[in-house]
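Single-structure report; data block below.
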Protein chains: 2
Amino acid sequence: MTSREASVPMPRTARRGRPGYDLDSLLAVAVEVFNERGYDATSMGDLSERLGIAKSAIYHHVASKEVLLRLALDRALDGLEAVTQGARELDVSAVRRLEHLVHESVVLLLDHQPYVTLLLRVRGNSPVELAALQRRRALDRYAASLVRDAVRAGDLRADLDPTVTARLMFGLVNSLVEWTRPASRAHTQALPDEVSALVFDGLRVRDRPR
Amino acid sequence: MTSREASVPMPRTARRGRPGYDLDSLLAVAVEVFNERGYDATSMGDLSERLGIAKSAIYHHVASKEVLLRLALDRALDGLEAVTQGARELDVSAVRRLEHLVHESVVLLLDHQPYVTLLLRVRGNSPVELAALQRRRALDRYAASLVRDAVRAGDLRADLDPTVTARLMFGLVNSLVEWTRPASRAHTQALPDEVSALVFDGLRVRDRPR
DNA sequence: CCTACCGATCGGTAGG
DNA sequence: CCTACCGATCGGTAGG
């Protein structure tokens with residue numbers, strides 16, 4: 001990764017050169033359009049139109065359309081890997097790690113929604129997409145191992161297959177990208193807890209001992 | 001809908017004409033390829049290659065690529081609407097309707113996975129896609145109304161927003177298309193019950209009164 | 001005469 | 001502005 005492609009944007013104060021897009025702001029717009037029309041259906045002409053610059057000007061920032069995809073997918077994956085690493089480093093039981101993972105995944109997803117959305121739609125059509133899918137699978141495997149450990153510890157029900165359970169859990173979490181709007185931050189505060197509640201305690205009301 | 005576009009394939013016995021694809025078998029292959037590469041990324045050349053016939057031969061069956069999409073989306077939506085209608089016609093409480101809806105949605109999804117998968121990836125890029133999204137939304141609204149009724153009846157927990165809850169429920173259900181394989185029917189028997197268990201009773205083990 | 005298909009070719013548009 | 005390729009169309013052919 002070169003410095004131009006760094007995840008952390010350079011401060012735009014006291015900058016030299018022509019005002020306009022830097023890689024970071026250009027990428028944000030590109031990801032927005034990719035999510036609207038789909039990556040493959042988006043032409044460089046579509047992007048230039050939305051950006052308000054010439055098609056050729058985009059090639060000043062990136063070598064190809066695919067590089068835009070790679071940079072966007074890297075952001076989502078870097079974030080998810082950081083969340084997973086956070087869960088790994090906790091000194092608690094497997095269920096607690098899992099609760100942390102679910103909760104923080106929701107937070108990250110809401111925070112970097114466009115990038116995560118793009119990642120979740122990747123189908124492996126190119127080497128860039130295949131590499132992203134591989135990084136995703138490593139995260140899935142860790143989640144599945146946590147479910148397995150939590151079942152063994154007697155904290156999660158044993159009548160469901162651990163791998164299936166892990167997939168369903170994160171299927172629910174990931175489905176957030178389909179309908180949450182970055183604008184309506186009203187939900188944002190409550191959602192991580194609501195998702196945890198649904199996943200771990202279910203929807204049904206029942207009498208509980210106390 | 002003309003007879004050529006009927007959902008139920010005509011029996012292929014005692015037919016006239018050259019042997020080969022009929023609309024039904026051609027559609028099945030097309031949907032497979034659409035799901036692999038994405039609808040927009042799939043060219044008519046891709047399809048013809050996979051079908052083993054000339055590109056122009058596809059136009060003997062359908063007027064355009066978009067018609068293939070429309071036919072496929074109609075199948076998924078017809079099935080989902082039938083499932084919803086089934087839930088409507090039950091003479092039971094809202095929770096029971098909802099349980100039925102979740103269970104049968106999983107069954108349908110596993111049964112017609114390729115068509116449902118394609119539907120779930122539609123983004124509204126064309127009139128055909130927009131029409132499909134509208135039909136989907138009507139189904140979502142009914143599910144949300146069931147959640148609302150079930151909360152009012154005291155059968156579902158009241159601390160979660162009904163619309164959010166409905167979306168999360170079907171987010172989980174719909175995520176099945178991402179990893180279930182039509183081949184591995186081993187899960188297929190258990191999955192509808194497992195999904196219901198997770199959604200309504202959650203993952204956590206706890207002491208229950210009896 | 002029907003269905004299923006082929007080769008050749010077009011107007012248009014994509015990425016670069 | 002170039003090259004490559006797209007979706008679509010047409011005249012014609014062959015099995016049943």
Side-chain angles (χ1 to χ4, degrees), chain A residues 4-5 20-21 23 26-27 29-73 118 122-123 125-129, chain B residues 1-6 8-73 118 122-123 125-129:
Chain A
R4 298 214 49 163
E5 299 171 10
Y21 293 100
L23 182 60
L26 187 143
L27 186 59
V29 174
V31 169
E32 205 175 285
V33 183
F34 288 162
N35 283 330
E36 279 174 26
R37 313 195 185 193
Y39 172 74
D40 289 300
T42 303
S43 70
M44 294 299 265
D46 292 333
L47 288 186
S48 77
E49 197 178 307
R50 180 72 74 88
L51 289 160
I53 63 179
K55 207 166 57 167
S56 58
I58 301 175
Y59 290 95
H60 171 70
H61 296 278
V62 287
S64 67
K65 188 182 161 190
E66 201 171 36
V67 167
L68 283 171
L69 179 63
R70 207 193 72 228
L71 292 173
L73 296 179
L118 194 64
V122 153
R123 310 250 59 88
N125 287 340
S126 65
V128 166
E129 297 194 4
Chain B
M1 196 185 251
T2 75
S3 64
R4 297 213 47 165
E5 300 172 6
V8 180
M10 277 204 338
R12 300 242 66 192
T13 44
R15 69 170 190 259
R16 297 190 303 168
R18 200 171 170 181
Y21 293 100
D22 60 357
L23 182 60
D24 224 70
S25 52
L26 187 142
L27 186 59
V29 175
V31 169
E32 204 175 284
V33 182
F34 288 162
N35 283 330
E36 280 174 25
R37 314 194 185 194
Y39 173 73
D40 289 300
T42 303
S43 71
M44 294 299 266
D46 292 332
L47 289 185
S48 77
E49 198 178 306
R50 179 72 74 89
L51 289 160
I53 62 178
K55 207 165 60 167
S56 58
I58 301 174
Y59 291 95
H60 171 71
H61 297 277
V62 287
S64 67
K65 187 182 161 191
E66 201 170 37
V67 168
L68 283 171
L69 180 64
R70 207 194 71 228
L71 292 172
L73 297 179
L118 193 64
V122 153
R123 309 251 59 90
N125 287 340
S126 65
V128 167
E129 297 194 1

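Here is the naming used below: chain letters follow the sequence lines, and residue numbers restart at 1 for every chain. These numbers were taken from a predicted model, which means no experiment stands behind them.
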Using whole Å, report how far [atom1] of [X] lies from [atom2] of [N].
{"X": "Asp24(B)", "N": "dA4(C)", "atom1": "CG", "atom2": "P", "value": "12 Å"}
{"X": "Ile58(B)", "N": "dT9(D)", "atom1": "CD1", "atom2": "P", "value": "13 Å"}
{"X": "Leu68(A)", "N": "dG16(C)", "atom1": "CG", "atom2": "C1'", "value": "13 Å"}
{"X": "Leu23(B)", "N": "dC5(C)", "atom1": "CG", "atom2": "P", "value": "12 Å"}
{"X": "Leu47(B)", "N": "dA8(D)", "atom1": "CG", "atom2": "P", "value": "11 Å"}
{"X": "Leu51(B)", "N": "dC5(C)", "atom1": "CG", "atom2": "C1'", "value": "12 Å"}
{"X": "Met44(B)", "N": "dT9(D)", "atom1": "CE", "atom2": "C1'", "value": "12 Å"}
{"X": "His61(B)", "N": "dT3(C)", "atom1": "NE2", "atom2": "C1'", "value": "9 Å"}

- Below 4.0 angstrom from OP1 or OP2 of dT9(D), is there any side-chain N or O of Tyr59(B)? no
- Message: Side-chain N or O of His60(B) versus OP1/OP2 of dA4(C): is the shortest distance under 4.0 Å?
- Response: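 Result: yes.
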Which nucleotide in the list [options] gets nearest to the side chain of [X]?
{"X": "Ala54(B)", "options": "dG15(C), dC6(C), dA8(D)", "value": "dC6(C)"}
{"X": "Ser43(B)", "options": "dA14(C), dT3(C), dC6(D)", "value": "dC6(D)"}
{"X": "Asp22(B)", "options": "dG16(C), dC5(C), dA4(C)", "value": "dA4(C)"}

- Item | Shortest non-hydrogen contact between Leu68(A) and Ala30(A), atoms and distance |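 That would be CD1-CB, 4.2 Å.
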- Task: List the atom of Ser64(A), the atom of Met44(A), and the distance in Å for their closest heavy-atom pair.
- Result: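 Between these two residues, the closest heavy atoms are C-CE, 4.5 Å.
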- So, Asp46(B) side chain and Glu49(B) main chain: donor-acceptor pair closer than 3.5 Å or not? no
- Message: Closer than 3.5 angstrom, by distance alone: can the side chain of Tyr39(B) be matched with the main-chain N or O of Leu69(B) as a donor-acceptor pair?
- Response: no
- Polar side-chain contact Lys65(A)-dG16(C) base: donor and acceptor under 3.5 Å: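 Result: no qualifying N/O pair found.
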- NA contact type, Thr42(A), heavy-atom cut-off 4.0 Å: base, sugar-phosphate, or nothing?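 Sugar-phosphate only.
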- Query: Checking all strands, does Ser64(B) fall into the base, sugar-phosphate, or nothing category for heavy-atom contacts under 4.0 angstrom?
  - Reply: sugar-phosphate
- Item | dG15(D) pairs with, by Watson-Crick or G-U criteria that keep both distances under 3.5 Å |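 WC or wobble partner is dC2(C).
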- Side chain proximity check, Leu47(A) to Leu26(A), heavy atoms < 4.5 angstrom: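 Heavy-atom side-chain distance check fails, nothing below 4.5 Å.
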